[in-house]
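Data block below; observations after.
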Amino acid sequence: MEFHSPYSHGFVRVAACTPACELADPPFNVNSILELARKGNEQHVGLMVFPELAISGYSIDDLLGQDVLLDAVEDGLATLAAESRDLGPVLLVGAPLRHEGRLFNCAVVIHAGRILGVVPKTFLPNYREFYEKRWFASGRTVREAEIAVAGQTAPFGVDLQFSAQNVRDFIFHVEICEDLWAPAAPSDFGALAGALILANLSASNITVGKADTRKLLCSAQSARTWSAYLYSAAGPGESTTDVAWDGQACIYELGDLLAETDRFPTTSQMCIADIDVERLRLERMRTGTFNDAATLNLTAGRNFRRVLFDFAVPEGRIDLKRAIARYPFVPADPKRLDQDCYETFNIQVQGLMKRLKSTGIKRLCIGISGGLDSTHALLVAARAYDQLGWPRSDILGFTMPGFATGDNTKSNAWALMRSMGITAEEIDIRPLATQLLNDLKHPFADGKPVYDVTFENVQAGLRTDFLFRAANQRNALVLGTGDLSEIALGWSTYGVGDQMSHYNVNASVSKTLIQHLIRWIIETEAFDPETDATLESILDTIISPELVPADENGAMQSTEDKIGPYDLHDFTLYYLTRFGLKPSKIAYMALQAWEDADAGTWPSHFPEHKRRAFDLPTIKRWLEVFLFRFFTISQFKRSASPNGPKVTSGGSLSPRGDWRAPSDGNGRIWIKELKDNVPDA
């Protein structure tokens with residue numbers, strides 16, 4: 001396995017192509033196709049899609065009835081097949097082909113000198129500027145057939161899909177132009193039969209607004225069918241007698257645009273992307289609806305033949321042609337980030353409002369540490385009370401300094417509570433903690449600097465215990481503050497500790513997202529300037545539980561020094577739980593995202609001084625830590641999770657929601673897969 005190749009990690013490289021065209025000139029058009037095919041070969045592409053009727057040209061009208069042209073098309077296909085022997089990609093090209101006295105608008109699938117199969121167009125447009133039924137027969141009833149073309153005999157019909165027998169998940173289906181625009185598109189059934197890549201060879205003249213419609217259709221089809229969708233429209237060289245052409249080509253996966261070409265090109269062009277076919281397969285496997293639809297719709301008469309081929313996987317190190325977001329929970333696009341933050345915040349607010357109204361309890365108890373999580377939970381609570389028309393004074397905030405509480409966090413906690421107008425109290429837990437440590441005969445009670453897990457959990461447990469007793473006394477609910485990342489890592493004190501609450505608004509919000517939510521709240525001026533100033537200070541504070549006193553150099557206890565960077569842990573968490581990816585693949589993708597701090601796009605408003613990079617050894621080290629903590633030592637805490645609203649896709653570890661697992665499991669096979677398949681450098 002070549003670790004530094006996308007083909008080793010379930011990706012297949014594809015291209016959507018728009019070659020220059022000359023009307024009714026197959027030799028010229030074949031050369032244009034070959035020029036792009038050779039470039040695709042040099043760039044290690046596995047599948048290349050060309051436009052509808054690319055060999056002849058689409059806009060040639062009654063010239064399609066000329067034998068001279070149709071003979072030249074077959075000669076061109078023979079040339080293309082012969083030249084493909086030395087090329088790696090599978091080529092999908094459009095051509096008019098004769099069969100049993102009729103003419104069909106076809107997609108011809110060519111690879112390594114062989115015509116693998118021919119797929120006829122199902123839906124022939126015959127309205128407004130389209131007149132295809134004048135020349136072509138529909139292929140809708142063509143099944144279990146063969147066609148003689150360019151000196152070869154190949155499978156022919158709408159019942160074909162194609163699969164590389166030596167590359168798992170490299171399975172594709174082909175349809176042509178209007179097929180996508182029809183209800184119950186052929187690609188619907190191709191996907192249900194197992195194709196993970198759907199290709200559309202299109203001509204599609206351009207009118208104002210039509211490009212957006214095409215993209216909407218491609219995006220929706222890839223999302224609806226849990227697939228990748230490749231689209232290529234005719235471009236330069238087509239006739240402009242009555243219409244025009246823009247050469248639009250694009251690649252979508254699960255609804256997301258991966259790559260697209262410029263429109264209205266003057267020369268040949270293509271866009272390239274690496275499709276994560278493994279992720280597509282896993283997504284279908286995890287979604288029972290897809291298989292239910294397959295069972296319902298793949299009835300008699302809708303069976304598919306699978307044409308097999310051997311694909312020569314490119315060797316050596318190959319750079320990934322696909323953007324990998326550093327923060328899968330935090331979009332880099334400013335508009336999308338604004339929308340995600342708006343929705344996240346309001347989901348949390350609505351969840352808390354419902355819980356308060358349903359219980360009839362109008363007070364909340366919340367521990368305010370001056371850290372990110374409790375700060376954000378308080379912001380959610382304040383907005384919920386504002387929308388309910390309740391006084392913020394019924395939010396009871398407690399700051400509970402312990403043996404390691406810093407002056408900065410304590411002052412931030414007080415400043416936040418004052419500016420928010422809640423009822424604030426300070427409870428010093430050190431006397432009670434000292435008594436408990438003394439009763440436990442802990443060395444710290446004798447003055448020894450022993451800061452073990454008992455020392456830490458005595459403080460964490462006392463804080464939560466106090467909140468629950470205060471809630472009993474004052475008829476209140478305890479609002480949890482622990483975030484999704486901490487829940488994944490088990491970074492909480494179980495039982496009467498910060499793992500427990502009456503309701504946890506942060507349970508589905510990752511640590512990296514919480515930081516951006518607070519930045520978003522500042523940017524949108526949701527609260528007053530005094531609050532915003534305190535929030536800025538909190539964002540600049542090191543992430544720490546503040547349970548162990550500062551060292552001899554005054555350095556505070558750092559969570560990330562102990563368990564690793566949340567940047568990497570949130571990356572792993574998303575791809576492990578949302579898609580079930582292998583650790584080695586997660587490591588590969590993390591390297592693409594994090595190796596170079598200057599590459600790619602960072603989320604808006606992200607401070608430049610906090611931008612960092614991680615090399616492969618660092619990624620591998622902390623990934624192993626995550627796997628051990630997630631699978632081996634933390635599930636029992638998640639199995640007893642309090643209620644809280646799901647916020648993001650794949651962003652819930654509730655045993656009643658996205659994640660159910662045995663509390664006594666282990667992570668051995670995941671750690672072994674990581675060690676076996678990820679190099680140390």
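Computed from a predicted structure; not experimentally measured.
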Q) Can you name the nearest heavy-atom pair linking Ala384 to Leu352, along with the distance? A) CB-CD2, 4.0 Å
Q. Any donor and acceptor pair, going by atom type alone, linking the side chain of Arg383 with main-chain N or O of Asn346 inside 3.5 Å?
A. no
Q | pair Leu477-Thr359: side-chain heavy atoms closer than 4.5 Å | A | yes
Q: Show the numbers, then the answer: is there a side-chain contact (heavy atoms from CB on, under 4.5 Å) between Leu432 and Leu436?
A: CA-CA 6 Å; Leu432 190 54; Leu436 186 52; 5.8 Å; no
(Q) Quick check for you: to the nearest 0.5 Å, what is the distance between Asp340 atom CG and Phe329 atom CZ? (A) 11.5 Å
Q) Are Glu426 and Trp414 linked by a side-chain donor-acceptor pair shorter than 3.5 Å? A) yes
Q. About how many Å separate CZ of Arg611 and CH2 of Trp594, when rounded to the nearest 0.5 Å?
A. 10.5 Å
Q: Examine the side chains of Gln435 and Asp439 and answer whether a donor and an acceptor come within less than 3.5 Å of each other.
A: yes
Q: Please name the pair of heavy atoms, one in Ala259 and one in Ala273, separated by the smallest distance, quoted to 0.1 Å.
A: CB-CB, 4.1 Å
(Q) What verdict does the salt bridge (Lys or Arg N to Asp or Glu O under 4.0 Å) test give for Lys448 and Asp446, after you've listed the backbone C-alpha separation in whole Å, the side-chain angles of each residue and the deciding distance to 0.1 Å? (A) CA-CA 6 Å; Lys448 297 178 182 178; Asp446 296 328; 5.5 Å; no
Q) Can the positive tip of Lys585 be found less than 6.0 Å from the middle of the six-membered ring of Phe11, inside 45° of the ring normal? A) yes
Q.
Can you classify the ring geometry of Phe468 versus His502 as parallel (below 30°), tilted (30 to 60°) or perpendicular (above 60°)?
A. perpendicular
Q | Pairing of Lys675 and Glu624 as salt bridge, 4.0 angstrom limit | A | yes
Q: Would you indicate whether the side-chain heavy atoms of Pro583 and Val678 approach each other to under 4.5 Å?
A: no
**Q.** Near-ring test Phe630/Trp659, centroid separation under 6.0 angstrom
**A.** yes
(Q) Less than 3.5 Å apart, any donor N or O on the side chain of Thr618 or Asp615 sitting next to an acceptor on the other? (A) yes
Q) Does anything in residues 486-506 pair up under salt bridge (charged side-chain N to carboxylate O under 4.0 Å, His left out), and if so which pairs, sequence neighbours excluded? A) Glu486-Lys511
Q.
Check whether Gln473 reaches the backbone of Arg469 with its side chain - one donor and one acceptor, N or O, closer than 3.5 Å.
A. no
Q. Any idea which heavy atoms bring Asp483 and Val509 closest together, and the distance?
A. CB-O, 3.1 Å
Q: Decide if the gap between the ring center of Phe3 and the ring center of His9 is smaller than 6.0 angstrom.
A: yes
Q: Quick one: pull up CD1 in Ile427 and OG1 in Thr399 and give me the separation to the nearest 0.5 Å.
A: 9.5 Å
Q: Using atom types as modelled and distance alone, determine if a side-chain donor or acceptor of Thr287 lies under 3.5 Å from a backbone N or O of Thr289.
A: no
Q. Does the side chain of Asp528 pick up a donor-acceptor pair with the side chain of Thr531 at under 3.5 Å?
A. yes
Q | Any Tyr451 side-chain heavy atom under 4.5 Å of Glu456 side chain | A | no
(Q) Is it the case that atom CZ in Phe636 sees more than 12 heavy atoms from other parts of the structure closer than 6.0 Å? (A) yes
**Q.** Heavy-atom closest contact (Asp570 atom, Pro328 atom, distance)
**A.** O-CG, 4.2 Å
Q) Is the gap between the ring centers of Phe606 and Tyr327 under 6.0 Å? A) yes
Q | Leu484 side, atom CG; Asn506 side, atom CG - distance, nearest 0.5 Å | A | 10.0 Å
Q) Does a sphere of radius 6.0 Å around CG in Asp680 hold more than 12 heavy atoms from other residues, nucleotides or ligands, not counting ones at 6.0 Å or beyond? A) no
Q. Does the pair Lys335/Asp333 count as a salt bridge with the N-to-O cut at 4.0 Å?
A. no
Q. Is Glu425 salt-bridged to Arg474, cutoff N-O under 4.0 Å?
A. yes
Q. What do the steps show when you test Asp452 against His442 for side-chain contact (heavy atoms from CB on, under 4.5 Å), and what is the final call?
A. CA-CA 10 Å; Asp452 56 11; His442 190 277; 2.8 Å; yes
Q: Go through the side-chain N and O atoms of Arg336 and Gln339 and say whether any donor and acceptor fall under 3.5 Å apart.
A: no
Q) Do Leu379 and Leu517 touch side chain to side chain, with heavy atoms closer than 4.5 Å? A) no
Q | Check: Ser222 side chain, Gly255 main-chain N or O, donor-acceptor pair, under 3.5 Å | A | yes
Q) Does a side-chain heavy-atom distance below 4.5 Å link His376 with Ile521? A) yes
Q: Count the heavy atoms of every other residue, nucleotide or ligand shown that sit under 6.0 Å from NZ of Lys610, and state whether that count exceeds 12.
A: yes
Q. Counting N and O atoms only, with roles assigned by atom type, does the side chain of Ser411 sit under 3.5 Å from a partner on the main chain of Asp407, one being a donor and the other an acceptor?
A. yes
Q: Could you tell me the separation between the NE2 atom of His569 and the CG atom of Leu623, rounded to the nearest 0.5 Å?
A: 9.0 Å
Q) Do any N or O atoms from the side chain of Arg463 and from the backbone of Met400 form a donor-acceptor pair under 3.5 angstrom? A) yes
Q) Okay, side chain of Glu283, backbone of Trp226: is any donor-acceptor separation there less than 3.5 Å? A) no
Q: Verify side-chain contact (heavy atoms from CB on, under 4.5 Å) between Leu372 and Leu539, making sure each step is shown before the conclusion.
A: CA-CA 7 Å; Leu372 290 169; Leu539 284 168; 3.8 Å; yes
(Q) Quick check for you: to the nearest 0.5 Å, what is the distance between Leu489 atom CG and Ile563 atom CD1? (A) 4.5 Å
Q | Exam field: side chain Glu560 to backbone Ile543, donor-acceptor pair closer than 3.5 Å | A | no
Q | Taking every non-hydrogen atom, the tightest pair across Pro545 and Thr559 | A | CD-OG1, 3.1 Å
Q. Is the NZ atom of Lys362 crowded by more than 12 outside heavy atoms at less than 6.0 Å?
A. no
Q) Which heavy atom of Gln459 sits nearest a heavy atom of Ala404, and at what distance? A) OE1-N, 4.3 Å
Q: Decide side-chain contact (heavy atoms from CB on, under 4.5 Å) for Leu581 and Glu278; before the verdict, give the C-alpha distance in whole Å, the side-chain angles of both, and the deciding distance to 0.1 Å.
A: CA-CA 8 Å; Leu581 301 188; Glu278 181 180 79; 4.2 Å; yes
Q | Under 3.5 Å donor-acceptor, Thr632 side chain and Asn666 backbone | A | no
(Q) Counting only heavy atoms from other residues, nucleotides and ligands, does the tally under 6.0 Å from NZ of Lys620 exceed 12? (A) yes
Q. So, Thr512 and Ser510: side-chain donor and acceptor under 3.5 Å apart, yes or no?
A. yes
Q | Side-chain heavy atoms of Trp491 within contact of Tyr566, under 4.5 Å | A | yes
Q: Give a yes or no answer on whether the side chain of Arg322 reaches the backbone of Asp274 with a donor-acceptor pair at less than 3.5 Å.
A: yes
**Q.** Any Phe455 side-chain heavy atom under 4.5 Å of Leu437 side chain
**A.** yes
(Q) Using side-chain heavy atoms (C-beta onward) and a distance below 4.5 Å, is Glu546 in contact with Ser369? (A) no
